[in-house]
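Encoded as structure tokens, here's the structure I'll be asking about.
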Amino acid sequence: MTALSSYIGGSWEAGPTTLQDLNPARPSDVVAEVRAADARLAGDAVSAGREAFPAWRDLPAPARGEFLRRAPDLLEQRAADVGRDLAREEGKTLAEGVGETRRAAAILRYYAGQTLEPDGETYPSASPSTFLYARREPVGVVLAITPWNFPIAIPAWKLAPALAYGNCVVWKPAELVPLTSVHLVRALADAGLPPGVLNVVLGRSADVGEALLAGPVDALTFTGSNEVGRRLQLQAVERGTKVQLELGGKNPAVVLADADLDLAAEQVARSAFLSAGQKCTATSRVIVERAALEPLAERLVERARGWRLGDPLDPETKVGPLASAAQLERVTGFLTVARQDGGEALAGGEPASIDGGYYVRPTVFAGLGPDSSVVRDEIFGPVAALLPVDSYEAAVALANDTQYGLSAAVFTRDLGLALRFAKEVRAGVVKVNQETAGLELQVPFGGTKASSSGSREQGKAAREFFTEWKTVYVDPPQG
Ligand code: ADP
């Protein structure tokens, strides 16, 4: 049995509590054990980051980039193992696990490249003798708190820019995915990252959360639920800590009557059902012009029923289990509410009994009104609601009738309407004839309204959060 520990100041530190890391496809399968950290170790992690910071900050950026260039080569070499462990502890399919590991490697490489990019600007000064410039400097020690649903890609898109731009990191991964987290740490440690530059605290948030934020850390980047994110944001603001939040979504896919319905159904099914719908960019509201309702529903139902549900490690599997018993309870709760609210399950609508795992069948609901919590709240399961409308205008109004604003898609052959939708929908990411999920790493990512707070992640946009300007006025010495 693998026993996993926190990584603090360059060494693996076992904590006092033992937690089990279970396979959600077969909960009797214990993937690993965690010697979970307590508040003392969490404090040690922040201290290690503080101690390492001055030297890391002062290392020339291209030299920092070398570590971020070596680590992805190691991850690539290990992708089959890392992807399998990811699938085993999180429940997404093997292909998705390996693909996500490769994505993490690509993100590290991208930010290695950023260490060779300009880090400031010169300005004309009002004074003839003054050389005036502004440059980006690291913020300091960054606390990264990450969820379980993309256990290596999301950490990579926080850790890589944080490190590239000269920050030290204390990372608290989600409790469900310690083994994948350790794989990422090992790749960076094996690439020679100096001790203390990256510290990882494996532990229950109830045990370590408070100590991490009190650290003190200079910045908090968080991806997870709105409830936890808002609470941490309040604590961060009280302490004067810079904060960036990536929270939930309730993403609409608008299918207009002229759309290619085979394409629309395939894309909607992918974003609603793959990874068992556990993506903040998943489609959960399918807003359809009435003329297209029946043929779209038919195509969507065909996929929901036909896509193979089962063990993520089986190459035939398309949809795996939910990530935990708590997730199963949450999602089945929504299925019950859907029925109470008059929803009719055209496909799925119930858990599936496979090996004792946490499975829910891909589900398509019809007949739900706009006020049902199934239509309003983030479910984080393979559940899509069909919502018919009579016009483009009604479709946009419904798409925007949500507290969230992460991703939105429109399916149409009318490019004029598509561009109008891109302008009128309130979302951080808009897709035309593509699923709401699926991101490229070189462009900004984040949402509007309750979906995000602070500046965007990914691409060059990440620099905004992980650095701050220093403006320098230089006059030559007199005489
Ligand atoms: P998810 O549903 O994705 O698990 P959560 O918001 O519950 O969303 O968790 C996201 C991350 O926040 C996880 O790493 C979790 O352990 C962490 N977390 C939850 N509560 C706290 C807390 N009070 N302090 C610090 N981290 C926390």
Side-chain angles (χ1 to χ4, degrees), residues 4 6 15 17 19 21-22 24 34 36-39 41-43 45-46 89-92 142-159 169-182 184-185 199-217 219-239 241 243-250 275-282 284 322-331 333-334 358 377-381 404 406 447 450-453 457:
L4 306 173
S6 298
T17 334
L19 304 177
D21 177 18
L22 305 179
V34 179
D38 55 6
L41 281 180
V46 179
E89 71 179 355
E90 198 273 347
K92 65 178 66 174
V142 173
L143 173 59
I145 299 183
T146 55
W148 44 262
N149 65 327
F150 284 98
I152 197 159
I154 292 177
W157 81 52
K158 294 183 187 297
L159 269 48
V169 175
V170 177
W171 172 29
K172 199 213 77 64
E175 289 95 313
L176 291 179
V177 287
L179 184 52
T180 307
S181 312
V182 163
L184 179 57
V185 179
N199 306 279
V200 179
V201 177
L202 300 183
R204 279 189 300 231
S205 54
D207 298 335
V208 300
E210 183 61 27
L212 287 172
L213 257 180
V217 294
L220 164 67
T221 175
F222 171 90
T223 299
S225 64
N226 281 60
E227 188 202 351
V228 173
R230 288 280 175 245
R231 202 153 13 100
L232 295 183
Q233 182 179 32
L234 281 175
Q235 292 176 27
V237 166
E238 265 178 6
R239 295 182 163 117
T241 305
V243 59
Q244 173 185 58
L245 306 176
E246 215 53 74
L247 306 172
K250 190 70 189 172
S275 304
Q278 300 173 120
K279 299 177 182 175
C280 50
T281 51
S284 57
L322 298 171
S324 65
Q327 265 294 100
L328 180 64
E329 197 183 322
R330 176 184 168 83
V331 175
F334 276 105
Y358 307 129
D377 298 335
E378 184 173 49
I379 298 175
F380 235 56
Y404 294 110
L406 195 52
S451 288
S452 297
S453 189
E457 300 196 85

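Indexing begins at 1, ligand by ligand and atom by atom, following the structure's order.
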Problem set entry | Geometric cation-pi criterion Lys172 and Phe222, 6.0 Å radius, 45° cone |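 Not satisfied by the 6.0 Å and 45° rule.
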Problem set entry | Region of Leu232 that comes within reach of ligand 1 [heavy atoms, distance under 4.0 Å] |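 Looking at Leu232 and ligand 1, just side chain atoms fall under 4.0 Å.
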For this session: Measure the distance from atom 17 (C) of ligand 1 to every protein heavy atom, then report the residue, atom name and distance (to 0.1 Å) of the closest one.
Result: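 The closest one turns out to be Ile145 CG2, 3.6 Å.
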For this session: Compute the minimum heavy-atom distance from Pro173 to ligand 1 and say whether it is under 4.0 Å.
Result: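 True for this residue.
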For this session: Only heavy atoms count here, so choose which of Ser205, Ala323, Pro151 is nearest to atom 18 (N) of ligand 1.
Result: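 Residue with the shortest heavy-atom distance to the ligand atom: Ser205.
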Exercise. Hey, which atoms in ligand 1 end up nearer than 4.0 Å to a heavy atom of Gly209?
Worked result: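 Answer for ligand 1: 24 (N), 25 (C).
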Exercise. Does ligand 1 have an atom that lies less than 4.0 angstrom from a heavy atom of Phe222?
Worked result: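 Yes, Phe222 has heavy atoms under 4.0 Å from ligand 1.
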Exercise. Using 4.0 Å as the upper bound for N to carboxylate O, is an ion pair formed by Glu210 and Arg231?
Worked result: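 Salt bridge flag = no for Glu210 with Arg231.
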Exercise. Going by distance only, is there an N or O of Glu175 that falls short of 3.5 Å from an N or O of ligand 1?
Worked result: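 N/O-N/O distance under 3.5 Å: yes.
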Exercise. Under 3.5 Å, is there a donor-acceptor pair linking the side chains of Glu90 and Thr180?
Worked result: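 Checked: Glu90/Thr180 side chains show no N/O donor-acceptor pair below 3.5 Å.
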Exercise. Can you tell me which residue and heavy atom of the protein come closest to atom 3 (O) of ligand 1, and the distance to 0.1 Å?
Worked result: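 Nearest protein contact, heavy atoms only, for atom 3 (O) of ligand 1 is Pro147 CB, 3.4 Å.
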For this session: Please check atom 9 (O) of ligand 1 for a protein heavy-atom neighbour under 4.0 Å.
Result: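 It does not: no protein heavy atom is found less than 4.0 Å away from atom 9 (O) of ligand 1.
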Exercise. Taking distance alone, with no angle check, do Ser225 and ligand 1 share an N/O pair under 3.5 Å?
Worked result: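 Between Ser225 and ligand 1, an N or O pair is found under 3.5 Å apart.
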For this session: Quick one: pull up CG in Leu322 and CG in Asn149 and give me the separation to the nearest 0.5 Å.
Result: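 Reported to 0.5 Å precision, the distance equals 12.0 Å.
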Problem set entry | Side-chain (Lys250) to main-chain (Glu378) donor-acceptor, under 3.5 angstrom |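 No: the side chain of Lys250 does not pair with the backbone of Glu378.
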Exercise. Which residue owns the protein heavy atom closest to atom 23 (N) of ligand 1, what's the atom, and how far is it?
Worked result: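 In this structure, atom 23 (N) of ligand 1 has Arg231 NH1, 3.8 Å as its nearest protein heavy atom.
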Exercise. Just how far is it from atom CG of Leu202 to atom CG of Asp21, taken to the nearest 0.5 Å?
Worked result: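 Rounded to the nearest 0.5 Å, the CG-CG separation comes out at 10.0 Å.
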Problem set entry | Residue, atom name and distance, where the atom is the protein heavy atom closest to atom 4 (O) of ligand 1 |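 Scanning the protein heavy atoms, the shortest distance from atom 4 (O) of ligand 1 goes to Trp148 NE1, 3.1 Å.
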For this session: Output the list of atoms in ligand 1 that are nearer than 4.0 Å to some heavy atom of Lys172, sorted by atom number.
Result: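 Reading through ligand 1 atom by atom, the close ones are 14 (O), 15 (C), 16 (O), 17 (C), 26 (N).
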Exercise. Quick one: which of Leu247, Leu245, Asn226, Leu406 gives a side chain to side chain contact (heavy atoms under 4.5 Å, CB included) with Ser451?
Worked result: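 Only one option passes, and that is Leu406.
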Problem set entry | Residue, atom name and distance, where the atom is the protein heavy atom closest to atom 13 (C) of ligand 1 |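 Going atom by atom, the protein heavy atom closest to atom 13 (C) of ligand 1 ends up being Thr146 O, 3.4 Å.
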For this session: Among Gln244, Glu246, Arg230, find the residue that satisfies the side chain to side chain contact (heavy atoms under 4.5 Å, CB included) test when tested with Ser453.
Result: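 Answer after filtering Gln244, Glu246, Arg230: Arg230.
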Problem set entry | Sidechain-backbone polar pair: Ser275 side chain, Gln278 backbone, donor-acceptor under 3.5 Å |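 Answer holds: no.
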